[in-house]
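Numbers for residues simply follow the sequence, beginning at 1. When a ligand or atom number is given, it counts from 1 through the structure's own listing order.
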Amino acid sequence: MNGSLAIVGLGPGRSEYTTPAASAAIAAATDVIGYGPYLDRIAIVDPRQVRHATGNRVETDRARHALELAAAGRRVAVVSSGDPGVFAMAAAVFEAVESGAPAWRELDIRVEPGVTALLAAAAEAGAPLGCDFCAISLSDNLKSWATIMRRLEAAAAGDFVIAIYNPASRARPHRLGEALDLLRARKSPATIVVLVRAAGSGEAARITTTLKDVDARSADMRTLVLIGSSATRLIARDGRAPWVYTPRREGDGS
Ligand code: SAH
């Protein structure tokens, strides 16, 4: 038997948002590895399939384990929520390949993309990513807080729409507040801010506000925060949340 490793994105929550290619890669696997709550989202089709549930913080160990199983001839799927290449397992696997056994480079490894949180969150709001945007994670597990602040500063200077992943954690509850203070010092107080919790999961909740009024405590670990560019604007609707969009053409709306 030839081993293989699929690094699979499950999408943001609803099973309809898992691609058919991702589902097929999981169905074909002898072994599925991932954070326990993500494994719970996958229907068991074949009871012989082995499920390896791990904690959320052990990505490097999980990546090596997946590679060892694949090298031993198993068909392995490693799952992430959203897209596996966005702040998730795909890079952890390639880090392990680069520093690991030479034989791992010969393995059949492929990445199955998924709908990342920023796309699901943007779709809840309208079209906030209609012009240039960037994504920044506020997690300082693997990079310094100084680097994060420097990148936020550069994103503000470039007038990008900024998607903030990992806005909150138990270890650092004030990090979104600090990030917003930095942005308030550099952008208009009227800048549109959207917080989407559990985007694309069927339980999505959206807050649409401004940089002046946003309360950092409204974000938790399942929230994606979108900070508008100077052109991002609202379309008001009676009794319903406004649409949020960023015009494609420079000069429109700014
Ligand atoms: N690989 C994932 C991101 C992992 S980082 C992806 O591509 O979506 C984890 C962060 O992603 C969370 O702290 C949150 O900011 C964001 N996130 C993940 N799923 C989300 C969802 N359904 N709604 C809003 N934000 C989400």
Strictly by modelled atom types, are [X] and [Y] linked by a side-chain donor-acceptor pair under 3.5 Å?
{"X": "D215", "Y": "S218", "value": "no"}
{"X": "T246", "Y": "S229", "value": "no"}
{"X": "E178", "Y": "W145", "value": "yes"}

Residue, atom name and distance, where the atom is the protein heavy atom closest to [atom]:
{"atom": "atom 15 (O) of ligand 1", "result": "T223 O, 2.7 Å"}
{"atom": "atom 24 (C) of ligand 1", "result": "R222 O, 3.1 Å"}
{"atom": "atom 2 (C) of ligand 1", "result": "S81 O, 3.3 Å"}
{"atom": "atom 26 (C) of ligand 1", "result": "A117 CB, 3.4 Å"}
{"atom": "atom 4 (C) of ligand 1", "result": "F87 O, 3.6 Å"}
{"atom": "atom 11 (O) of ligand 1", "result": "Y165 CD2, 3.3 Å"}

Among S137, A199, A219, whose heavy atom sits nearest atom 21 (C) of ligand 1?
A199
Atoms in ligand 1 with a heavy atom of [X] nearer than 4.0 Å:
{"X": "G82", "value": "6 (C), 7 (O), 8 (O)"}
{"X": "P12", "value": "22 (N)"}
{"X": "T116", "value": "6 (C), 7 (O), 8 (O)"}
{"X": "V196", "value": "24 (C)"}
{"X": "M221", "value": "12 (C), 13 (O), 14 (C)"}

Going through the checks in order, is the salt bridge (charged side-chain N to carboxylate O under 4.0 Å, His left out) test met by R110 and E112?
CA-CA 7 Å; R110 67 179 193 288; E112 291 293 354; 3.3 Å; yes
Looking only at distances, please establish whether an N/O atom of ligand 1 is found under 3.5 Å from an N/O atom of [X].
{"X": "V86", "answer": "yes"}
{"X": "N166", "answer": "yes"}
{"X": "D83", "answer": "yes"}
{"X": "A88", "answer": "no"}

Test salt bridge (charged side-chain N to carboxylate O under 4.0 Å, His left out) applied to R75 and D31, step by step
CA-CA 6 Å; R75 282 191 309 277; D31 296 74; over 6 Å; no
Given side chains that start at C-beta, do those of T210 and T191 come closer than 4.5 Å, heavy atoms only?
no
Does any non-hydrogen side-chain atom of E203 lie less than 4.5 Å from one of R14?
no
With a 6.0 Å cut-off on ring centres, are F87 and Y165 close enough?
yes
Residue-ligand contact [X]/ligand 1, heavy atom below 4.0 Å:
{"X": "S80", "value": "no"}
{"X": "S201", "value": "no"}
{"X": "A198", "value": "yes"}

Who passes side chain to side chain contact (heavy atoms under 4.5 Å, CB included) against A70, sequence neighbours left out?
L5, V76, L107
Does L67 share a hydrophobic cluster with I33, counting links as ILVMFWY side-chain heavy atoms below 4.5 Å and allowing steps through other members?
yes
Given the rule that I, L, V, M, F, W and Y join up when any side-chain heavy atoms are under 4.5 Å apart, are L118 and V244 in one cluster?
yes
With heavy atoms and a 4.0 Å threshold, my read on which part of L118 contacts ligand 1 is neither
Salt bridge (charged side-chain N to carboxylate O under 4.0 Å, His left out) for R48 and D46? Distances and angles first, verdict last.
CA-CA 5 Å; R48 288 167 305 177; D46 177 353; 3.2 Å; yes
